[in-house]
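Small disclaimer: the values here were computed from a predicted structure and weren't measured.
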Protein chains: 4
Amino acid sequence: MREPRAAAPTAGAPTATRGRRADAERNRAAIITAATAVFAEHGAEVDVREIARRSGVGMGTLYRHFPSKEDLLRLSLEQEFTAWLTEAHERAAATQDPWQALSGFFEQVLTTQAHNRALMDSYVQTGGPTEACVQKCRAFIDALRERCERAGLLRRGVSTEDLLSLSASLCQVVQTPGGQHRWRRLMTISLDGLSSRHREPLPS
Amino acid sequence: MREPRAAAPTAGAPTATRGRRADAERNRAAIITAATAVFAEHGAEVDVREIARRSGVGMGTLYRHFPSKEDLLRLSLEQEFTAWLTEAHERAAATQDPWQALSGFFEQVLTTQAHNRALMDSYVQTGGPTEACVQKCRAFIDALRERCERAGLLRRGVSTEDLLSLSASLCQVVQTPGGQHRWRRLMTISLDGLSSRHREPLPS
Amino acid sequence: MREPRAAAPTAGAPTATRGRRADAERNRAAIITAATAVFAEHGAEVDVREIARRSGVGMGTLYRHFPSKEDLLRLSLEQEFTAWLTEAHERAAATQDPWQALSGFFEQVLTTQAHNRALMDSYVQTGGPTEACVQKCRAFIDALRERCERAGLLRRGVSTEDLLSLSASLCQVVQTPGGQHRWRRLMTISLDGLSSRHREPLPS
Amino acid sequence: MREPRAAAPTAGAPTATRGRRADAERNRAAIITAATAVFAEHGAEVDVREIARRSGVGMGTLYRHFPSKEDLLRLSLEQEFTAWLTEAHERAAATQDPWQALSGFFEQVLTTQAHNRALMDSYVQTGGPTEACVQKCRAFIDALRERCERAGLLRRGVSTEDLLSLSASLCQVVQTPGGQHRWRRLMTISLDGLSSRHREPLPS
DNA sequence: CATGAATGAGAGTTCATTCAT
DNA sequence: CATGAATGAACTCTCATTCAT
């Protein structure tokens, strides 16, 4: 879907060519897979060679598929982000209680992103790897917010942006030494602060 | 305070001696000032040459005063952190309402550290530039917590560590584009979640 | 020997693969060659850039092949030393007279190492570039010593270590301005002092 | 003697000036003393700052007295060398046996220079810190040689240059790890090779 | 089209020498 | 005339990117 090159060769393309393309696709996939793992473990600052090594391709192949390290990073994160958001959608759809859907989202942010340094960094800094991702995420959060709002569970005045920022801010705690055992408390606190129990208006 | 050499010349100290040292002190100060600014703007990864350029000294001078980049970074952050913590103490002492003292602290974290990338990074990652700083900060937060607790304002089970982590986590929002106008809302939400109004126990 | 990749292509190895590696090998060899020459001329303190320049490669290439200057130095010296020791073995094997074998070794030390500052420095200071080299050299000298001793030609009490030290000490003379024409005399003197003609015991 | 500036102020020079000169002399002496110690311990490559520190003067003062590190090195070594040669003269004069005078000289070279890295380096490389020193040393050795020759103790054909080179070559052994206990043996060997017992001609 | 070797601009750091005080 | 702070070129080494094979 994201890979127009993978389109099935409708005509009788020569096997050699098709083999090449298949190879290329496999390489491309291997690179993204490796990059995702490496970026997750070591963050975005990691040496590109490490990715090449892990994916089993040469530097030239890597740069043929991705014109720059940043491009590869972006694509890898986009993919991760998308998958993550997809799962978030599924979970939310499977959850009837609006508030539980919201808190489930927070939990997912903190459990999933905790193990992906580069992804988490992008989430914290800009809300996601690309503006498109951010938009989708925002839309999803907006839906969650609306569900809670309609159910009268959400504090008056809480915006989608608030929820996005709040989830991002909690992210970092997880990376903190010892944070693995503490984020749940902070999440509880923050979510409680979001409940309609609080009637004080938020500052503009 | 950090500069015994700069001790106020009580009597007519020899100009020659003082002049030399004064210049060196000015350079040292210029370096720290520049470093602080540069680290604040660009983070800890910035090129040392940029600091030398901004402070108007050569590399040798910089390294005469600070034996390594890390030393300079640490010193700059320590200074910033200490100044910040001092102000925090003063504010807290001048505030009668315990809760307002606590929220004032959060506000100060977010207003002051927001504009210093390197400082904020250290605060988020480890709680401060050095273990000593962290200890002092923790002690200060602990005092704030106790005041609120005694006054029955703080949610049961909230630890000092929780407050430290929470303040750190909120920090990052400020750096977010647009975060300058949103952190106050998140702070309110989080603080409300900390209030004794909430009787649900926190997860261990 | 050190280059399994350079193994002779017995069959029609694919040109592409071999071409690449061959080039790399050529570069590697060029670097060692240049390094050997440069170290020989200027000693171990020389700037790495000079080696890169002389070998016609960039710094990156140099560091791709040798992770540090010290590694390059060590490898270069090991190679030189090994080649030299190999030749020494051959000469000794081809020489029937034990005493001539010993004096031939001294001669070889002084003629070969004389023109390699870094190699000579290592020989003088530690007996060779690595402990392994030193051991091999010591073993070789020990064999020479035994041959002479069995033939009753060597002064009583002369140890392998004495011979090693003596050869090393003579080395430096060669580098002296004018030393090129004088070392043969010193060698003769020293060797004569080693002959069994002298029956006085050596100091412990 | 080497310090024309130390000439006694014959006229009634103002005290201030005389005090200055005295101070300057004291500084100069302190610098040489410190430099000598530092060069002896660490060799000629040592940081100039170490010398300034040890002599208790500033860098400016150091460079006022000695326009470059090399000048200071040369002067320090000259002084040491001269003192050493003076002692050598005295010893030789006090020794009746010509051969003992010669071997005493070798012994002095190896005991004295062993503890002075920079001095020894210069002795090994060029025969002394300056050409003048080398000449004086050569002259002294020549006298020793003549005494031995006249007494019929020295091998025919041994030149002054041979003796100088030989003493220099033995020097280095002392610095070798373990060399402290081995140089006496090598010295004995070499000296024995110099004795008139050997009638074979030396190579030209 | 894949390979991985080559590139070279910087990174942090040192030190002989100069110069303002 | 002393001081020691300041200078900056040079050092070893790294890494995103290019290019010959």
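- Contact annotation: the side chain of B:N116 approaches that of B:T36 to within less than 4.5 Å [non-hydrogen atoms, C-beta and beyond].
- The CG atom of C:D71 sits 13.5 Å away from atom NE2 of C:H65, with the distance rounded to the nearest 0.5 Å.
- The CG atom of B:L73 sits 9.5 Å away from atom CG of B:L119, with the distance rounded to the nearest 0.5 Å.
- Taking the nucleotide of DNA chain F with the nearest heavy atom to each of C:P67 and B:H65, the more 5' of the two is matched to B:H65.
- Residue-to-nucleotide proximity on DNA chain E shows that, of D:E45 and C:L62, the 5′-proximal contact is made by C:L62.
- Distance D:L73 CG to E:dA16 C1': 14 Å, rounded to the nearest Å.
- The CG-C1' distance, from C:D23 to F:dT21, rounds to 8 Å in whole Å.
- You'll find that the side chain of B:V48 is closest to E:dG12, out of E:dA16, F:dC15, E:dG12.
- Of the residues in residues 52-61 of chain C, those with a non-hydrogen atom less than 4.0 angstrom from any atom of DNA chain E are C:G56, C:V57, C:G58, C:M59, C:G60, C:T61.
- Between the P atom of F:dG4 and the CD atom of B:E25 lies a distance of 14 Å, rounded to the nearest Å.
- Atom-to-atom, CD1 of B:I51 to P of E:dT13 comes out at 11 Å; the value is rounded to the nearest Å.
- Rounded to the nearest 0.5 angstrom, D:F39 CZ and D:L72 CG are separated by 5.0 Å.
- Proximity note for D:K69 (side chain, C-beta onward) versus F:dA16, E:dA16, F:dC13: the nearest is E:dA16.
- D:R64 places its CZ atom 20 Å from the P atom of E:dA16, with the value rounded to the nearest Å.
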| Where do B:R28 and B:E25 land on the side-chain contact (heavy atoms from CB on, under 4.5 Å) test, with the steps shown first? | CA-CA 5 Å; B:R28 189 190 161 90; B:E25 277 315 317; 3.6 Å; yes
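- Taking only side-chain nitrogens and oxygens, B:R49 never comes nearer than 4.0 Å to OP1 or OP2 of E:dG10.
- To the nearest 0.5 angstrom, D:Q125 atom CD is 9.0 Å from C:Q175 atom CD.
- As rounded to whole Å, 16 Å separates atom C1' of F:dG4 from atom CD of D:E50.
- Regarding A:E70, its CD atom lies at a distance of 14 Å from the C1' atom of F:dT17, rounded to whole Å.
- The shortest distance between side-chain heavy atoms of C:Y63 and C:V48 falls below 4.5 Å.
- Within the 4.0 Å cut-off from OP1 or OP2 of F:dT14, not a single side-chain nitrogen or oxygen of C:Y63 is found.
- Legend: residues meeting salt bridge (Lys or Arg N to Asp or Glu O under 4.0 Å) with C:R54, ordered by chain and number and at least two apart, are C:E41, C:E50.
- One can place CZ of D:F66 at 16 Å from P of E:dT18, the figure rounded to the nearest angstrom.
- Listed by first residue number, the stems of DNA chain E with at least three Watson-Crick or G-U pairs below 3.5 Å are E:2-21 with F:2-21.
- One distance of note links OG of D:S76 with NZ of D:K69; it measures 12.0 Å at 0.5 Å rounding.
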